[in-house]
There are 2 protein chains.
Amino acid sequence: MTFDYNQKQPVYEQLVDELRKSIKENYQPNDKLLSEREIMKKYSVSRNTVRQALNELEIIGYIYRQHGKGTFVANWATNNSKIGDEYSFTEQMKALGKKPETKILEYSILNANEYFAKRLNLSPGTKIIKLKRLRKADGLPMMIDRTYIPYAKFSTLSVEDLEVNQRALYSIFLEDFSEKVKLADEDIYAGICSEKDAGTLGILVGSPCLMLRRTTYNPKNEIIEYTISCARGDQFVYNIKYQH
Amino acid sequence: MTFDYNQKQPVYEQLVDELRKSIKENYQPNDKLLSEREIMKKYSVSRNTVRQALNELEIIGYIYRQHGKGTFVANWATNNSKIGDEYSFTEQMKALGKKPETKILEYSILNANEYFAKRLNLSPGTKIIKLKRLRKADGLPMMIDRTYIPYAKFSTLSVEDLEVNQRALYSIFLEDFSEKVKLADEDIYAGICSEKDAGTLGILVGSPCLMLRRTTYNPKNEIIEYTISCARGDQFVYNIKYQH
DNA sequence: CAGTGGTCTAGACCACGCC
DNA sequence: GCGTGGTCTAGACCACTGC
């Protein structure tokens with residue numbers, strides 16, 4: 001068995017796909033996998049390529065390796081959800097089997113005041129876009145996002161894409177504006193719901209809520225987004241998985 | 001310049017240290033680094049080794065690479081705190097310049113009831129250790145942890161180590177019991193403080209608080225810890241950084 | 001076009017776990 | 001001693017960037 005070297009996808013990625021398929025079909029958790037040298041022979045690739053593929057599989061939690069013993073299949077219970085990705089409402093709701101939905105409550109262009117200028121690392125007065133979104137799951141209001149992004153970078157952002165096509169904001173950043181999220185810095189804390197948001201979320205004023213504050217950076221360390229979210233405390237659980 | 005091949009530390013790790021030092025002393029953010037081939041010559045190592053070192057530096061956010069252009073120094077503002085690590089109260093408080101302190105409120109051995117047996121994946125009635133800890137920062141009570149671990153694995157756990165030596169639980173797991181944390185699964189949600197905890201934390205009953213529920217797994221997918229924490233909403237902020 | 005990072009090969013030795 | 005994963009080398013070609 002060999003791979004196609006003329007494809008756009010590198011060989012080690014093709015190998016990752018092959019191994020994933022093979023594991024899915026033929027292995028149980030904690031089974032011993034083929035050794036690196038056996039994989040070399042089977043797929044006619046060099047050891048470096050095998051190790052590159054195995055590294056990927058290790059990172060996504062599909063396998064674990066033990067020096068002197070071998071490579072083993074990890075328990076996939078841990079593999080259904082993405083690990084180490086920044087928070088995505090849509091992804092989390094899907095993982096819970098709920099139907100996510102996003103409604104745009106506000107889209108406006110404003111001049112940054114002192115506070116938002118500082119948060120976005122811009123000069124006060126610079127134009128920014130404010131986006132207020134209501135997130136629902138199975139029809140139930142779950143959280144309100146207030147997102148602030150620099151107008152200069154995203155002037156042609158289409159509200160229709162967000163609402164009608166229900167595209168994820170980060171997909172639009174990446175696909176339409178080539179802005180890659182390199183780092184997301186999140187603060188999570190407990191708070192009390194404001195009167196305004198309580199009405200929108202359909203809960204009592206003063207109910208406990210989960211507050212999220214997020215700043216995201218591109219590879220050049222420019223800030224591409226600042227978001228404050230308020231989630232209802234009686235419904236919303238934020239889940240993270242850390243892999244080592 | 002060459003490296004010592006007889007050291008326990010692999011050459012690429014030595015190269016990582018060298019490059020970190022060099023970057024710290026001679027480079028500014030977004031400066032262009034030596035090319036991979038120049039590093040090869042300078043340190044007399046092969047390209048693979050250089051790339052292994054650069055991969056590490058990329059993962060910890062020290063550098064970023066651009067195909068066809070070069071390798072660049074990232075802004076270290078993002079590098080002071082560890083990225084992608086599971087939550088550690090002690091580490092976070094240190095990062096904020098606060099003095100962390102842990103007080104053991106309870107250490108007991110009990111038989112797991114239905115609930116905890118399920119959470120730890122044990123049979124009901126199995127012996128487990130309960131550990132209740134109060135976390136303070138600069139003398140101020142911040143959160144209460146209730147940790148449940150299987151007695152079979154950690155029967156010789158020393159409370160003195162935790163309290164007098166202020167050792168981190170995970171260091172003890174790793175160093176004294178060879179239990180490595182492979183995956184941490186955390187739920188974060190907003191809640192209301194119980195009467196009992198309100199007294200300990202010095203806040204009013206019914207105050208909003210941040211609740212954390214954590215399950216950690218070793219590489220074999222055995223559960224090594226289940227912890228529920230309650231943090232005061234007026235003081236405590238949970239910070240995470242995601243790197244891509 | 002030259003220079004960069006991205007991928008790949010073939011072969012070597014070491015360190016660890018197990019019999 | 002043998003098989004495993006971990007590290008390392010020397011050399012090659014490709015794809016992308018910018019002049």
Side-chain angles (χ1 to χ4, degrees), chain A residues 1-19 23 27 30-59 62-74 178 180 182 219-220 244, chain B residues 1-19 23 27 30-59 62-74 178 180 182 219-220 244:
Chain A
M1 161 125 205
T2 55
F3 290 109
D4 180 2
Y5 283 69
N6 299 318
Q7 246 179 274
K8 205 175 177 185
Q9 202 187 21
V11 169
Y12 76 91
E13 291 284 4
Q14 297 177 43
L15 183 53
V16 166
D17 291 342
E18 272 302 316
L19 291 173
I23 289 172
Y27 291 86
N30 297 321
D31 277 0
K32 191 163 174 296
L33 216 61
L34 293 181
S35 76
E36 298 183 349
R37 284 156 180 92
E38 287 168 333
I39 296 175
M40 282 174 66
K41 280 178 207 156
K42 180 169 177 191
Y43 296 100
S44 310
V45 290
S46 77
R47 184 123 175 260
N48 264 355
T49 307
V50 173
R51 285 184 58 76
Q52 222 169 335
L54 292 179
N55 282 342
E56 288 232 348
L57 289 167
E58 192 177 22
I59 287 170
Y62 245 69
I63 60 169
Y64 59 92
R65 298 196 269 195
Q66 289 188 14
H67 198 165
K69 293 182 78 173
T71 303
F72 302 86
V73 176
S178 298
K180 207 177 123 192
K182 168 76 177 171
K220 289 182 185 162
H244 291 264
Chain B
M1 161 125 205
T2 56
F3 290 109
D4 180 2
Y5 284 70
N6 298 317
Q7 246 178 273
K8 205 174 178 185
Q9 202 188 21
V11 169
Y12 76 90
E13 291 284 3
Q14 296 177 44
L15 182 54
V16 166
D17 291 342
E18 272 303 315
L19 291 172
I23 289 171
Y27 290 86
N30 297 321
D31 277 0
K32 189 163 176 296
L33 217 59
L34 291 181
S35 77
E36 299 184 348
R37 285 158 179 91
E38 286 167 335
I39 296 175
M40 283 174 66
K41 281 179 205 156
K42 180 169 176 190
Y43 296 100
S44 309
V45 291
S46 76
R47 183 123 175 261
N48 263 355
T49 307
V50 172
R51 285 184 59 77
Q52 222 168 336
L54 291 179
N55 282 342
E56 288 232 346
L57 289 168
E58 193 177 22
I59 287 170
Y62 245 70
I63 60 168
Y64 59 93
R65 298 195 268 195
Q66 290 188 14
H67 198 166
K69 293 180 80 173
T71 304
F72 302 85
V73 175
S178 299
K180 207 175 123 192
K182 168 77 177 169
K220 288 181 184 161
H244 290 262

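Labels below follow one simple rule: chain letters A, B, ... track the order of the sequence lines, proteins then strands, and each chain is numbered from 1.
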>> For A:Y12 and A:R37, find the nucleotide of DNA chain C closest to each by heavy atoms; which residue's nucleotide sits nearer the 5' end?
In response: A:Y12
>> Nearest heavy atom decides the nucleotide; on that basis, is A:R65 or A:G68 closer to the 5' end of DNA chain D?
In response: A:G68
> Can you find a side chain N or O atom of A:R47 that sits less than 4.0 Å from OP1 or OP2 on C:dG11?
Replying inline: no
> For the pair made of CD in A:Q66 and C1' in C:dC18, what is the distance, rounded to whole Å?
Replying inline: 13 Å
> Are any of A:T49's side-chain N or O atoms less than 4.0 Å away from OP1 or OP2 of C:dT7?
Replying inline: no
>> With nearest nucleotide decided by heavy atoms, which residue, A:N48 or A:T71, maps closer to the 5′ end of DNA chain D?
In response: A:T71
>> Please tell me if B:K69 has a side-chain N or O lying less than 4.0 Å from either OP1 or OP2 of D:dG18.
In response: yes
>> In this structure, how many angstroms lie between the C1' atom of D:dT4 and the CG atom of A:L34, rounded?
In response: 13 Å
>> Quick one, B:I63 and B:I23 - any side-chain contact, counting heavy atoms below 4.5 Å?
In response: yes
> OH/B:Y64 to CG/B:N30 distance, rounded to the nearest 0.5 angstrom?
Replying inline: 3.5 Å
> Nearest to the side chain of B:E38 - C:dC8, D:dG5, C:dT4?
Replying inline: C:dT4
> Is the shortest side-chain N/O distance from B:S35 to OP1 or OP2 of C:dT4 below 4.0 Å?
Replying inline: yes
>> Quick one, B:R65 and B:N55 - any side-chain contact, counting heavy atoms below 4.5 Å?
In response: yes
> Mind checking whether A:L19 and A:L54 have side chains closer than 4.5 Å, heavy atoms only?
Replying inline: yes
